[in-house]
Amino acid sequence: MKNYLNRIFAQAAKKLAYLKEASVIFNVPAQSDHGDFATNIAMTLTKKLKRNPKEIAQEICDVLKEIIDDKVIEKIQIAGPGFINFYFTPEYAAQIVKVILNQKEEYGKSKKYHGKKANVEFVSANPTGPLTVGHGRNAVIGDTVANMLEWVGYEVDREYYFNNAGRQMRILGDSVKKRYLELLGEDIDFPEEYYQGEYIKEIAEELKKEFGDKLKGESEEGIFKERAEKIIFEDISKTLESISIKMKSFFNENDLYEEKKIDEVLEYFEQNELSYKDDGAVWLKLSELGIEKDKVIVKSTGEPTYRLPDIAYHKDKFERGYDLIVDLFGSDHAATYPDVLAGLKAMGFDVDKIKVLIHQFVTIMEKGQTIKMSTRKANYITLEELVNEVGSDVVRYFFIMRSISSHLNFDIDLAKKHSEENPVFYLQYAHARISSILKMAEEENIVLSVENLELLNTDAEQKLLKKISLFEEEVLINTENFEPHKIANYLEELAALFHKFYTECRIVGSPQELAQARIALAVAVKTVIKNGLTILGVSAPEKM
RNA sequence: GCCCACGUAGCUCAGUGGAUAGAGCACCGGUUUCCUAAACCGGGUGUCGCAGGUUCGAUUCCUGCCGUGGGUACCA
């Protein structure tokens, strides 16, 4: 429909010169009696042409009326302060069904970014403990964004960045060692800043079972740390798998050191006089790169701060040839990326290729109290527990249904108690209902046909048709804007329109040709719901 | 102090430079001899945090203030 509008405006521009430079935007009006599409072009031209918007609208309409095919558009109307409203014919609206039945699970995909490569980095939790509900939001948003990019043509690599060295990991190893010694009956002192979680004891238990007391003299950075890392990573992978997330690669920060990539960056900064030494530390001249203050990149102890490996890591991503690099992290990391981007820019990289997505925190409510989560203090709810409790579909939907810049209030009690009232069931039920109708229709020997789609002319049918015809554009726009929650919103609206159609328009029992056309519509709707849920990583059940 | 995000119905949250600001939950009532009632229909509440500004038009954009969360390290 929109394509048709663009075409007729292109033709109209031949007669009305001012339309040539104008960018004409079509919107779906909030009110359905304002037409299927509307444009405010006459109002935006008011200033430029110094003419009354209604007069401009009238002139445009007069030209358009010469061009339009009345089999496609049945009415053009000027309304309100100068909107031009377009009403499509029911027959034309119904044609979308053929397109969908033809494209099936491909419907909604587009090729705009075909041939482009994207890297989406998400989760990226260090292996010091199980994934928490907080990580869950990051994981689900990241995977869904990756799905969306694939739908518009990108080839996407999902990547997990982690660091298994450093202070936190040392403490992890020592936490395990202390628990191990405790199991052997030794009197230990377990500091508050150590990892308090039960999983530490389980790892220690496993080591005791396997090695008895032979590890007494081992270093905390040896087998204790290694085993903890291995077990925790297995646990993280399993959790991710349980919500259908599969990483293409796990990028280890240590590789940057081993492959001298850190040194390369340091050298570059030094040679280009972008860094200097002071107080025994190496400083990056960020004040010359548009950032307020210079920052340390190598501490006086010789250890780099996070900025340096992060710059080296992104340099590596650039060198791998991605057209788009997406970083996803929580608002607690919001302050870190400008420094990293500035460093990369100074090295000559096109930082416009990097899209940093920052999602706000998940606030956990339990028994009316907000819980401050901390992996170290073992004060958290694991993602695994949540998935076991409410299922993967609910977890994924819950984390994606809100805009990423909005705080997410997660009431654990409510999620457990009212999980059946989660809106995801509303979508899934629409899908299951259609499956059920199709089965019934088959038993009644009603065969799908696209020969009489013009019979789909009731209000409920027309609204449904217009909604499904917007799907491809929804996917494209929301992907370009990185707004995955809008896919969920769209599907909820679609499901609502379907449920209404279901109530008002019967299939079994209707005259044969109408029943056949309605079957075609039902299959088209089912396809769109299924495709939409696929993007969200949520299942589309045949039965509920 | 400074930086970022958010502030919309009782609650959780959508939404938009335009035509009457929405959904779910919760509450009350109705719909099933008929393809799944996990549904549908009806009933109502808003100083769109506050105050200015830009605009033909602002809840949307800008500024200030207030509130919430996050950041502000030679932690990540």
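Computation of the quantities below employed the complete heavy-atom set of this structure, encompassing side-chain atoms and omitting hydrogens, waters and symmetry-equivalent molecules.
- You'll find the ring centres of F122(A) and Y160(A) outside the 6.0 Å limit.
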Legend entry - Dot-bracket line, read 5' to 3' along RNA chain B, where crossing pairs take [ ] and | marks a partner on another strand, Watson-Crick or G-U under 3.5 Å: (((((((..((((....[...)))).(((((.......))))).....(((((..]....))))))))))))....
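- Closest contact between the side chain of M544(A) and the listed nucleotides A5(B), C35(B), A38(B) involves A38(B).
- Between F83(A) and F37(A), the ring center distance fails the sub-6.0 Å criterion.
- Taking only side-chain atoms of H407(A), from C-beta outward, the nucleotide of A5(B), G15(B), C41(B) with the closest atom is A5(B).
- Note on L408(A): only backbone sugar-phosphate atoms sit closer than 4.0 angstrom, heavy atoms only; bases stay farther off.
- With RNA chain B read from its 5' end, the first of the two nearest nucleotides for E292(A) and E542(A) is the one closest to E292(A).
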Legend entry - Under 4.0 Å protein heavy-atom contact, by nucleotide of nucleotides 71-76 of chain B - B base, S sugar-phosphate only: S--BSB
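- The six-membered or imidazole ring of H499(A) lies near that of Y426(A), with a centre-to-centre distance under 6.0 Å.
- Counting any heavy atom pair closer than 4.0 Å across all strands shown, Y502(A) reaches a base atom.
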Inset, instruction - For the pair K439(A) and E542(A), evaluate salt bridge (Lys or Arg N to Asp or Glu O under 4.0 Å) and give the outcome as yes or no after the intermediate values. - result: CA-CA 10 Å; K439(A) 202 188 283 171; E542(A) 297 292 319; over 6 Å; no
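- Out of C40(B), A38(B), A19(B), the shortest distance to the side chain of F83(A) is found at A19(B).
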Pick out the pairs of N or O atoms, protein on one side and nucleotides 54-57 of chain B on the other, that lie under 3.5 Å.
none

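- Nucleotides G69(B) and U47(B), compared at atom C1', are 25 Å apart to the nearest Å.
- Taking CE from M247(A) and OH from Y161(A), the interatomic distance works out to 15.0 Å, rounded to the nearest 0.5 Å.
- One distance of note links CZ of R396(A) with OG1 of T144(A); it measures 4.5 Å at 0.5 Å rounding.
- Taking only side-chain atoms of R506(A), from C-beta outward, the nucleotide of A19(B), A14(B), C34(B) with the closest atom is C34(B).
- Looking only at atom types and distance, the side chain of H333(A) has no donor-acceptor partner in the side chain of T336(A) under 3.5 Å away.
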